[in-house]
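Source: prediction; values computed, not measured. Heavy atoms only: backbone and side chains are in, while hydrogens, waters and symmetry mates are out. Just so you know, ligand 1 is whichever comes first in the structure, and atom 1 is the first atom listed for that ligand.
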Amino acid sequence: MKNYKLNNKNLSNISERISIPQYDRSKLKTGIVHVGIGGFHRAHEAFYTDQLLHDPSVTDWGICGVALLDFDTKIYNILKEQDGLYTLIVKELDGSHTKRVIGSIVECLFAPEDPIKVIEKMASPEVKIITLTITEGGYNYNEATKQFDFGNPLIQHDLKNPQSPKTIFGYLTQALKLRKERGLKGCTIQSCDNIQGNGHMTKKMLLSYVQTAEPDLVQWIESNVTFPNAMVDRITPVTTPSDISNLKETSGIEDAWPVVCEPFKQWVIEDDFIEGRPAWETVGVQFVENVAPYEKMKLSLLNAGHSVLGILGALLGYSTIDEAVNNRNIRAFLNNYMDVEVTSTLGDLEGINLKDYKQTLLERFGNINIKDQIDRICSETSAKFPIFILPTIHSQLKNNGSIQLAAFVTAAWAIYSLGTNENGEALNIKDALKSQLTEKAKEAIHNPIAFLEIDTVFGAIKHNKQFSEAFVNAYKSITNNNIETNLITINNTFKKTY
Ligand code: CS2
């Protein structure tokens, strides 16, 4: 079989092997600028949009992908080389792979190379929506102060160098300023990150920055820009070298960075797009009045569930999420966590059967073909914990509910942060707060509570007697017995079999 490099020129040859975009990409206008062209965007929004572009009447919603950070050089170069094309490989539950070339990213820009080009693109009249996947940590929110973090040196840089910003806040501010100065219309800024009220958070953080950087712009943004909240969902593991070689061997396609994902996908959005939007509902996106219950459910069950499996699994020496969830003691612990500590905090979720949702989650986590990496899940836990787990702890404390299981996971994370698993093997900790985590984890050996002193992560929870006692007990218990013995004891106290 002849191999073809993935690019425009080779598309028709590739179409004999796998599905390719059946629309004329050269005729598309760029209606969306997306910042953060990692795997998740390419498995989710770009996928949905590609499906939509197959409707011949849709010509306004091509995507311009923006790589914001120096770190993104590689993906930018690859997408440029491949004319924005990439392969999406869906790893089905039965082990088969459904592959298709996605064509919705029609332009790519590398912000560090030409910041003005990015600002101009965001300000362009044909762009109606700016979407973001900038990760939980990218919103520059400080859990301790509950405010925008002006202490971040990159934010200070942006304030001093408005024409060559480094953060999303600098870019958006300059682009919106140009729109205002040129008498253009506003646009929609849509977060696709895992944050409760992600639209509200984006607005709050952006306006905090604008208030300092360009105070005269605040009112214009209030009237001309909308920030819909949305819940996004599709498990997208990191692409491995074997995913790349497998695609070449089975289909003869040389794609330097395909995206792999699970079959499940969900996108629930509040319909608040000030300058119009793609008819994404025709390709399965749900538009609702209030997305909050969906977000809360997803963040506190799926994402928190991931963190539970990741932290406990890492300590036991597992490397993938399916291995962790298929350990019966971890699985029972996760079930107890979801049923006893999370479910009661979710309120009434009209139209959703939570029992089914949780069951589906276990199947998704357990998909042995996905092999989602524990390293991926545990990366940046310091940004994830306040969003995925802390709100559940606060709700439970308020309602006098159990927090024992969440406290156990927190204590396990403190042990994890020492950098070795129970077999004495090194853990690969990737976290912006790594040095602080390590320092506090070491202090915790003699004084467990010290770990809760990282107030940008834990806020004031350390001062809650019930939680801090449960945390210290769990910590001591993990140091006296191994994780699995602890899990068995805890699971027995709930006397439920899963
Ligand atoms: C994961 C998410 O990063 C994480 O910890 O929980 O990336 C998760 O896989 C996605 O949100 C699924 O939609």
Side-chain angles (χ1 to χ4, degrees), residues 36-48 88 90-91 131-139 191-198 201 229-240 259-269 284-286 291 294-314 318-322 324-325 334 337-338 342 357-358 360-367 369-392 409-410 412-413 416 427-433 457:
I37 36 182
F40 180 71
H41 167 70
R42 290 187 290 143
H44 195 259
E45 178 185 342
F47 161 79
Y48 278 111
L88 184 66
V90 179
K91 296 191 169 174
T131 53
L132 315 173
T133 45
I134 53 174
T135 78
E136 294 81 11
Y139 289 80
S191 166
C192 303
D193 283 296
N194 289 314
I195 293 180
Q196 179 75 40
N198 55 9
M201 172 67 95
N229 294 306
M231 182 266 245
V232 294
D233 194 4
R234 189 166 218 180
I235 295 175
T236 309
V238 177
T239 304
T240 62
V259 179
V260 292
C261 65
E262 63 168 341
F264 184 95
K265 57 189 179 306
Q266 195 174 19
W267 199 4
V268 189
I269 314 176
V285 177
Q286 292 160 261
V291 84
Y294 294 90
E295 284 183 316
K296 204 168 164 198
M297 170 185 81
K298 194 251 169 173
L299 297 169
S300 52
L301 290 169
L302 185 147
N303 296 110
H306 255 163
S307 296
V308 168
L309 294 172
I311 293 168
L312 301 180
Y318 296 136
S319 54
T320 61
I321 289 295
D322 57 293
V325 81
L334 175 65
Y337 175 70
M338 296 199 292
V342 182
Y357 183 81
K358 288 185 276 189
T360 309
L361 277 188
L362 291 177
E363 282 161 21
R364 294 170 65 195
F365 292 153
N367 181 345
N369 304 304
I370 284 279
K371 298 255 159 282
D372 194 8
Q373 302 88 354
I374 281 185
D375 273 359
R376 177 184 90 83
I377 296 301
C378 291
S379 70
E380 305 306 333
T381 300
S382 67
K384 294 173 180 176
F385 188 92
I387 302 169
F388 300 169
I389 298 180
L390 203 53
T392 299
V409 176
T410 315
W413 182 33
Y416 169 97
L427 291 163
N428 179 15
I429 302 180
K430 286 188 231 140
D431 201 298
L433 297 193
V457 175

Exercise. Can you pull out the closest protein heavy atom to atom 8 (C) of ligand 1? Residue, atom name and distance to 0.1 Å, please.
Key: N303 ND2, 3.6 Å
Quiz prompt | Identity and separation of the nearest protein heavy atom to atom 3 (O) of ligand 1 | solution = K384 NZ, 2.9 Å
Exercise. Could you grab the distance from atom CZ of F264 to atom CG of L302, nearest 0.5 Å is fine?
Key: 8.0 Å
Quiz item: Is any N or O atom of R234, backbone or side chain, closer than 3.5 Å to an N or O atom of ligand 1?
Solution: yes
Practice problem: Indicate yes or no: at least one non-hydrogen side-chain atom of R42 is less than 4.5 angstrom from one of C261. | Solution: no
Self-check item: Protein contact of atom 9 (O) of ligand 1 - nearest heavy atom, named by residue and atom, plus distance
Solution: R376 NH2, 2.8 Å
Exercise. Select one of side chain, backbone, both or neither to describe which atoms of D233 lie under 4.0 Å from any atom of ligand 1, heavy atoms only.
Key: both
Exercise. Out of H306, M231, E262, Q266, indicate the one that has the non-hydrogen atom closest to atom 1 (C) of ligand 1.
Key: H306
Quiz item: Heavy-atom distance under 4.5 Å between the side chains of L362 and M338, does that happen here?
Solution: yes
Practice problem: Decide yes or no for F40 and D193: does some side-chain heavy atom of the first lie under 4.5 Å from some side-chain heavy atom of the second? | Solution: no
Quiz prompt | Which residue and heavy atom of the protein sit nearest atom 11 (O) of ligand 1, plus the separation | solution = K298 NZ, 2.7 Å
Exercise. Find the distance between CH2 (W267) and OH (Y48) and round it off to the nearest 0.5 Å.
Key: 8.0 Å
Quiz prompt | Derivation and outcome, side chain to side chain donor-acceptor pair (under 3.5 Å), residues T131 and E45 | solution = CA-CA 9 Å; T131 53; E45 178 185 342; 3.0 Å; yes
Practice problem: Answer with yes or no whether H44 contacts ligand 1, where contact means a heavy atom under 4.0 Å from a ligand atom. | Solution: no
